[in-house]
Amino acid sequence: AQSVAQPEDQVNVAEGNPLTVKCTYSVSGNPYLFWYVQYPNRGLQFLLKYITGDNLVKGSYGFEAEFNKSQTSFHLKKPSALVSDSALYFCAVRVSSDSGNTPLVFGKGTRLSVIA
Amino acid sequence: DTGVSQDPRHKITKRGQNVTFRCDPISEHNRLYWYRQTLGQGPEFLTYFQNEAQLEKSRLLSDRFSAERPKGSFSTLEIQRTEQGDSAMYLCASSLLGESSYNEQFFGPGTRLTVL
C-alpha cells in the first residue's frame with residue numbers, strides 16, 4: 001500500500017529565510033512524487049513532480065524538491081520565503097505502473113506560515 | 001478560464017436528501033478524478049474515469065455514492081440519502097494520459113457540501 005507522511009502540521013518561517021516542508025513516502029515500487037499547494041477557497045495547484053532522472057526537481061514560484069531514495073523522502077524547499085507563500089502544502093505519491101490505475105495518495109498537509 | 005470548473009461551489013442540504021455535483025475538466029484531458037477532502041486531511045481518492053469508462057470505483061465510500069461521465073466530457077458525482085458524515089469538500093481533477101501515465105492532475109476549486 002502507498003502512504004505519505006508529512007510530519008509537521010505547521011511550519012513557521014520568517015520572510016527571506018529558507019524554508020523546508022518535509023515529506024516521506026512508502027510505496028512498493030518506484031514512486032512518482034508530487035507537491036501541490038492549496039490557498040484558501042481555491043483548488044490545489046501543482047508545484048512540481050519527480051518522475052525519474054535528476055534528484056533535484058525545480059518547480060513553480062521558486063520551489064524545488066529533492067528526491068532521496070535511501071531516506072524515502074521528497075522535501076520541498078525554497079531558498080527565500082515570501083509572505084505570499086503562506087498556504088497549505090500537500091505531498092502526494094503514486095507507484096509507477098504501466099496501467100496507471102493506481103490512485104494518487106496525499107499526505108495530510110502542512111500549513112506554512114511566513115511571517116514578515 | 002480554461003481550468004477545471006465545478007458546480008455548485010457550495011451546497012447545503014438536509015440529511016436524507018440527494019445531491020449531485022458537476023465537474024467540467026480541461027477540454028483535452030481524457031482522465032477525470034473525484035476526491036473528498038475533510039478538514040485537516042489531504043484529498044482522498046474516490047473514483048476516476050478514462051474518457052467515459054469508470055476504471056476504478058472500489059474506493060467510493062458507500063453504495064450511496066455514484067459517478068458518471070456519459071460522453072467522456074463533464075462528470076457528475078451523486079450522493080443519495082446524504083448523512084452528516086458526508087459533509088466535506090469534493091474535489092475534481094483532470095489529466096491527460098499520453099504515452100506515459102504520470103502527467104500531473106489539475107484540480108478544480110471544489111464543491112463544499114454541508115449536511116444539516
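Below, chain A is the first sequence line, B the second, and so on; all start at residue 1. Hydrogens, waters and symmetry mates play no part in the numbers below; they use all other heavy atoms, side chains included.
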Pick one of side chain, backbone, both or neither for B/Gln105, based on which atoms fall under 4.5 Å of a heavy atom in chain A.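 Interface part for B/Gln105: both.
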So for B/Arg9, is it side chain, backbone, both, or neither that comes closer than 4.5 Å to the heavy atoms of chain A?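 Contact with chain A involves the side chain of B/Arg9 alone.
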Between CD1 on residue B/Ile12 and NE2 on residue B/His10, distance to nearest 0.5 Å: 9.0 Å
A/Tyr89 ring center within less than 6.0 Å of A/Phe63 ring center: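 For A/Phe63 and A/Tyr89, the ring centres are under 6.0 Å apart.
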Considering only heavy atoms, which portion of A/Gln38 lies under 4.5 Å from any heavy atom of chain B: side chain, backbone, both, or neither?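 Only the side chain of A/Gln38 comes within 4.5 Å of chain B.
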With B/His29, the ring pair (Phe, Tyr, Trp, His ring centres under 6.0 Å) member among B/Tyr48, B/Phe106, B/Phe107: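 The ring pair (Phe, Tyr, Trp, His ring centres under 6.0 Å) with B/His29 is passed solely by B/Phe106 among B/Tyr48, B/Phe106, B/Phe107.
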Mind checking whether A/Gln45 and A/Ser60 have side chains closer than 4.5 Å, heavy atoms only?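 Answer no - side chains too far apart.
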